[in-house]
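Here is the naming used below: chain letters follow the sequence lines, and residue numbers restart at 1 for every chain. All values below come from the heavy atoms of this structure, side chains included, with hydrogens, waters and symmetry mates left out.
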Protein chains: 2
Amino acid sequence: MDTVTDTLRTDILSGRFEPGDRLLEIQLSDHYDCGRDAIRSAFVALTTEGLVQREENRGATVRRISLTEAIQITEARSVLESLIAARAARIATPEDHNELLEVIAQMRNAVAKNNGAEYSELNGVFHRRLREMSGHEIASQLVENLRNRAAHHQYRLAVMPGRSADSLEQHAAIAAAVVAGNEDAASAAMGAHLQSVIDVLKRWGDLPASPSQQHKTQETD
Amino acid sequence: MDTVTDTLRTDILSGRFEPGDRLLEIQLSDHYDCGRDAIRSAFVALTTEGLVQREENRGATVRRISLTEAIQITEARSVLESLIAARAARIATPEDHNELLEVIAQMRNAVAKNNGAEYSELNGVFHRRLREMSGHEIASQLVENLRNRAAHHQYRLAVMPGRSADSLEQHAAIAAAVVAGNEDAASAAMGAHLQSVIDVLKRWGDLPASPSQQHKTQETD
DNA sequence: TACTCTGGGATTGTCGACAATTCTGTCGAC
DNA sequence: GTCGACAGAATTGTCGACAATCCCAGAGTA
């Protein structure tokens, strides 16, 4: 039903449209081969998701997220993903445990090969599987949305030298706590992980983003 | 711009439309004196907010929130409002402190008068002011949305005998921690408060809601 | 009786046209 | 040269009409 909305969302997240870009109804309805209705509908949905900004009679643009907003988004993610980690630690099955450890092993491998793209991909898998095994629909939906909103900022972390090594150990700690069934430790490990993301964002400050970044399908933190 | 969306939202939250009610486009566009476009647009927005459910070619209905979903919503609220409370404890001004204590005094007065409606109102004010003084836009928006989603369930708490007294002391503890500038205590007090809400929801089970409740503008927890 | 098929009515989905608004570039006055 | 007024273009907002789909009642059949 909302296939146009989904397509536009992924196109925004993938960097096809950059923050500040104008989104013209006719142009998009032509590009996606659909009516203006579908585009307008997508604008409304993506506006409430925080990805698009609309102004009366002036059209829609890709929303620009400030650094302070990105930090707040990560703070919210921190408490929600901590809840998810605790929940996963409580109810994950042995199969879940194996899968989690397997992902960690692959991440370790990717770091050894210095393959940033693969690491980012695995990172996304790790968090997504944790959400799924937590069974917490509400928190998962909110986190997914928050990740999307800050995608542009998170991307910077992917290209930060030495970041992967730190990130890897943090993820390993989360996985260990979940496997041990220790809710508090899982929650704390996830909190520490995202706190380090916040620290990096803060340290980064408002340095200009590296200019040439086309394929922004990566997700890293 | 989205005035129709706002009106429909408040009409859903106020109980004018109940969970499961069909929302007919023509009927609503006639009632709100607007075009079908505006109604459809409102449906899209409220769907992503979780208040409305749409099915292809079958129209929109007011979303029905299950008890387990209401519990998850409150759990998510718990961690987010804890973050807000901690933040408020850190940066609230002396004027904020006075205002918070003033609201608590009024709540105590409302409990003494056994005025449930006034207590609910003040409860809403308390949480809203806390959000505002936290300065955490992201968490505030999420909490507001979560409160809306679970509004129907929260309402039950309002009419629970003896609930106000417990609730009052919990709020007083939150206020005291914020005034003391103790982030951890504020966070913990807020967590304890919402945990007690969760406990009540769980204890409540799936008992039928009391039948005749027209004015559902109250918000209580 | 139970089941299937079919038609009409009601509702949503989609398209096009036109009005309303904003934006852009040009011209003239000072 | 700078500023404001103004016309034309571009874009969004809104309405109506029609197509597509679903729902339900009723006829027909085994």
Side-chain angles (χ1 to χ4, degrees), chain A residues 1-66 141 148-149 152, chain B residues 1-66 141 148-149 152:
Chain A
M1 173 150 59
D2 307 290
T3 174
V4 175
T5 303
D6 294 334
T7 310
L8 180 57
R9 185 191 297 108
T10 61
D11 279 348
I12 290 174
L13 293 178
S14 72
R16 190 181 196 293
F17 299 107
E18 302 218 348
D21 280 359
R22 276 196 78 181
L23 299 171
L24 300 182
E25 295 180 359
I26 301 180
Q27 174 183 318
L28 290 178
S29 71
D30 178 63
H31 181 268
Y32 293 127
D33 191 36
C34 62
R36 274 177 61 206
D37 285 349
I39 299 294
R40 293 174 70 81
S41 184
F43 285 172
V44 173
L46 295 179
T47 297
T48 68
E49 287 184 26
L51 293 178
V52 165
Q53 193 167 23
R54 284 192 310 152
E55 282 177 289
E56 194 149 15
N57 288 316
R58 304 172 98 234
T61 55
V62 179
R63 198 162 183 290
R64 178 173 276 125
I65 272 75
S66 70
Q141 286 171 12
N148 286 346
R149 290 207 222 181
H152 213 260
Chain B
M1 171 153 58
D2 306 289
T3 173
V4 176
T5 302
D6 294 334
T7 311
L8 180 56
R9 185 192 297 108
T10 61
D11 278 349
I12 289 174
L13 293 178
S14 71
R16 189 181 196 292
F17 300 107
E18 302 217 348
D21 280 357
R22 278 196 78 181
L23 299 171
L24 300 182
E25 294 181 0
I26 302 179
Q27 175 183 318
L28 290 179
S29 71
D30 178 64
H31 181 268
Y32 293 126
D33 191 36
C34 62
R36 273 177 62 205
D37 284 350
I39 299 295
R40 293 174 70 82
S41 185
F43 285 172
V44 173
L46 296 179
T47 297
T48 69
E49 287 184 27
L51 293 178
V52 164
Q53 193 166 25
R54 283 191 311 152
E55 280 177 291
E56 195 150 13
N57 288 318
R58 304 171 98 235
T61 56
V62 179
R63 198 162 183 291
R64 179 173 276 126
I65 272 74
S66 70
Q141 286 171 12
N148 285 347
R149 290 207 222 181
H152 213 259

Starting at atom [atom1] of [X], determine the distance to atom [atom2] of [N], rounded to an integer number of angstrom.
X     : N      : atom1 : atom2 : answer
A/R54 : D/dT11 : CZ    : P     : 18 Å
B/E56 : C/dG13 : CD    : C1'   : 9 Å
B/Q27 : C/dA10 : CD    : P     : 14 Å
B/E55 : D/dC22 : CD    : C1'   : 12 Å
A/N57 : C/dC23 : CG    : P     : 9 Å
A/I26 : D/dT12 : CD1   : C1'   : 9 Å
B/D2  : D/dG13 : CG    : C1'   : 13 Å
A/L23 : D/dA10 : CG    : P     : 20 Å

Discussion item. Between A/R64 and A/P19 (side chain of the first, backbone of the second, donor and acceptor by atom type, cut-off under 3.5 Å), is there such a pair?
Written reply: yes
Practice prompt. Measure from the side-chain N and O atoms of B/S41 to the backbone N and O of B/D37, and report whether any donor-acceptor pair falls under 3.5 Å.
Written response: no
Worksheet item: Where each residue is assigned the nucleotide of DNA chain D containing its nearest heavy atom, which of B/G35 and A/A60 is assigned the position nearer the 5′ end?
Response: A/A60
Which part of the nucleic acid does [X] contact within heavy-atom distance under 4.0 Å: base, sugar-phosphate only, or nothing?
X     : value
A/I39 : nothing
A/D37 : base
A/R22 : sugar-phosphate

Worksheet item: Do A/R36 and D/dG13 share a donor-acceptor pair, side chain to base, under 3.5 Å?
Response: yes
Worksheet item: Knowing that exactly one of A/T3, A/D11, A/T7 qualifies, which makes a side-chain hydrogen bond (donor to acceptor under 3.5 Å, both in side chains) with A/Y32?
Response: A/D11
Practice prompt. Before accepting this row, confirm whether a basic side-chain N of the pair B/R149/B/E49 lies closer than 4.0 Å to the acidic partner's carboxylate O.
Written response: no
Worksheet item: Under 4.0 Å between a side-chain N or O of A/R58 and OP1 or OP2 of D/dT11?
Response: no
Practice prompt. Start with the C-alpha distance between B/T47 and B/Q53, add both sets of side-chain angles, then the distance that settles side chain to side chain contact (heavy atoms under 4.5 Å, CB included), and finish with yes or no.
Written response: CA-CA 6 Å; B/T47 297; B/Q53 193 166 25; over 6 Å; no
Worksheet item: Partner of C/dC30 by Watson-Crick or G-U wobble geometry, both contacts under 3.5 Å, or none?
Response: D/dG1
